[in-house]
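Down below is the structure, laid out as structure tokens.
Reminder, nothing fancy here: chain letters follow the sequence lines and each chain counts from 1.
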Number of protein chains: 2
Amino acid sequence: MSDRRTQILDAAATLISERGFTSTSVDDVIKGAKLSGKSHFYHYFKSKEELGYEVLNRQFERFAERGLAILREPMIDPLERLNLFIDAVVALQSESGGRRGSPFGNLAAELADAHEGFRVRIEAVFERWASQIRSLLWEARPQLHDDVDAVRLSRFIIAALEGAVLMTRVKRDLSVLEGIAADLKRFIAMHVRDGAAMQLHRHLEDAGSLPHGIARNMSVSSVAG
Amino acid sequence: MSDRRTQILDAAATLISERGFTSTSVDDVIKGAKLSGKSHFYHYFKSKEELGYEVLNRQFERFAERGLAILREPMIDPLERLNLFIDAVVALQSESGGRRGSPFGNLAAELADAHEGFRVRIEAVFERWASQIRSLLWEARPQLHDDVDAVRLSRFIIAALEGAVLMTRVKRDLSVLEGIAADLKRFIAMHVRDGAAMQLHRHLEDAGSLPHGIARNMSVSSVAG
DNA sequence: TAAAATTAGGACCGTACGGTCCAATGCGCA
DNA sequence: TGCGCATTGGACCGTACGGTCCTAATTTTA
């Protein structure tokens with residue numbers, strides 16, 4: 001992959017995450033990537049659409065590096081990893097001051113109905129994400145209730161996070177995301193075997209500021225039960 | 001309010017909820033509302049922006065009629081109303097086959113960053129929505145734990161629903177929303193006083209098909225406790 | 001019946017968009 | 001030296017967009 005290509009992709013990713021795909025013109029991308037003109041751009045990408053697809057993949061890979069990688073850490077208790085992952089999403093959002101949304105959620109809302117090509121690709125991204133969480137839940141299954149539905153729970157986690165990011169953008173208030181993240185952790189804790197963690201959560205209203213706390217308690221409770 | 005105006009607003013609402021605001025042209029609206037030409041449109045609206053604002057308000061009012069009205073029903077137990085409301089959101093989404101998203105979430109994702117005028121108005125819509133849920137929770141406070149944070153819980157409910165609708169659109173699968181709705185009910189049940197409802201929820205995995213069930217049990221448990 | 005509001009229809013404008021084409025210039029590499 | 005790729009720069013095209021202006025017919029209302 002040439003230098004210029006990634007340069008263009010980076011510039012496009014920033015612009016698209018700020019203004020959306022439709023509202024980002026090829027000329028904007030050219031300016032952002034400091035290209036000489038359109039022919040320079042079309043030397044690397046055959047269309048704006050193709051650029052969009054590649055940006056989407058690239059965004060996922062970045063997200064995978066920073067967020068999803070946590071879900072795979074083999075040395076940490078799986079449920080603790082899940083909490084760390086939620087913290088990572090919050091942290092990622094903090095960097096843009098709550099202004100920029102999830103790069104997938106944005107595109108999803110903008111293009112899911114209008115553009116089938118994007119819809120399919122975004123669906124695939126969500127599926128890859130969900131499958132990461134599912135396999136983590138599978139790993140944590142000794143600690144969880146027998147009737148926990150990993151498919152449903154993974155979807156719930158993603159939906160809650162996407163919705164939280166959206167509301168955070170609208171309100172321009174990071175505390176919205178922080179609050180929902182903490183509640184989400186409590187919801188997950190609800191699925192942990194025996195009552196210990198379920199009673200516990202009420203003493204951990206400030207779970208957001210103690211991200212490691214809950215998960216450790218989860219492990220303890222599962223060992224106890 | 002003249003007949004034509006509402007006709008235009010209806011057509012615009014449909015188009016915008018299908019394609020988004022940016023991708024809906026004034027000419028599209030004119031075709032949709034069967035107007036004779038642009039001058040006819042601009043006779044009623046001074047700009048496309050103004051149209052958008054009014055559509056947003058109108059969408060909220062419709063949503064308020066069908067969905068939010070349930071939250072205010074004085075004769076039904078408040079927590080049961082909350083479950084009925086969640087069912088109503090699912091039903092609303094079913095009508096478009098899961099294709100059309102929440103009219104607010106769509107606009108929020110599309111315009112929150114790009115257009116301050118819309119952002120502020122969408123924020124106001126969410127706030128009105130959240131305040132309805134807050135006052136319901138206030139009404140239900142004898143049944144709830146003392147430490148329930150109504151502001152946070154109302155935000156969580158809205159975020160989860162918005163995220164669920166978004167994912168349903170992307171996957172084109174209504175069962176996603178149904179599953180998340182059921183989980184959301186369980187999350188709410190988690191805030192109910194004493195352990196009865198919390199143990200109960202595990203026997204009500206199919207809460208989605210028994211919307212009245214949980215809430216009735218909530219009332220019972222709160223009476224018992 | 002006259003004034004006022006609504007409907008109709010079209011020409012027009014400036015701008016922006018995605019995309020094409022072309023000609024010229026560097027540039028490294030065999 | 002020559003081949004091929006990267007870069008530069010700009011003209012150009014068709015289309016679509018939001019919005020204005022103007023005239024005339026039709027309907028409503030006082």
Taking the side chain as C-beta and beyond, is there a heavy-atom pair between A/L51 and A/L9 under 4.5 Å? yes
So do the side chains of B/R62 and B/D10 get within less than 4.5 Å of each other, counting heavy atoms only? yes
Expressed as a whole number of angstroms, how long is the span from [X]:[atom1] to [N]:[atom2]?
| X | N | atom1 | atom2 | result |
| --- | --- | --- | --- | --- |
| A/F45 | C/dT20 | CZ | C1' | 18 Å |
| A/R5 | D/dC5 | CZ | P | 16 Å |
| B/K34 | C/dG9 | NZ | P | 14 Å |
| A/D27 | D/dG9 | CG | P | 15 Å |
| B/R19 | D/dC17 | CZ | P | 9 Å |
| A/H43 | D/dA6 | NE2 | P | 4 Å |

What are the atom names and distances for every N/O pair under 3.5 Å that joins the protein to nucleotides 19-25 of chain D?
unit_1	atom_1	unit_2	atom_2	d
D/dG19	OP2	B/Y42	OH	3.0
D/dG19	OP2	B/K48	N	2.9
D/dG19	N7	B/K38	NZ	2.9
D/dG19	O6	B/K38	NZ	3.1

Counting only side-chain nitrogens and oxygens, does A/S25 get under 4.0 Å of the OP1 or OP2 atom of C/dA16? no
Is it the case that A/R4 places NZ or CZ above or below the six-membered ring of A/F41, under 6.0 angstrom from the centre and within 45 degrees of the axis? no
Tell me, please, whether A/F104 has A/R121 positioned over its six-membered ring: NZ or CZ under 6.0 Å from the ring centre and within 45 degrees of its axis? no
DNA chain C nearest-nucleotide lookup for A/F21 and B/S36: closer to the 5′ end is B/S36
Side chain of A/R134, backbone of A/S154: donor and acceptor closer than 3.5 Å? no
Between B/D27 and B/S25, is any side-chain donor less than 3.5 angstrom from a side-chain acceptor? no
Nearest-nucleotide check on DNA chain D, B/T24 vs A/H40; residue mapping nearer the 5' end is A/H40
Whether A/R119 and A/E116 form a salt bridge (side-chain N of Lys/Arg under 4.0 Å from carboxylate O of Asp/Glu) is what I want to check. yes
Carboxylate-amine/guanidinium contact A/R155 A/D149, below 4.0 Å: no
Let me check the geometry of the helix from C/dT1-D/dA30 to C/dA30-D/dT1. What is the bend angle between the axes at its two ends, five pairs each, to 10°? 10°
Centroid separation under 6.0 Å, is that true for the rings of B/F21 and B/F118? yes
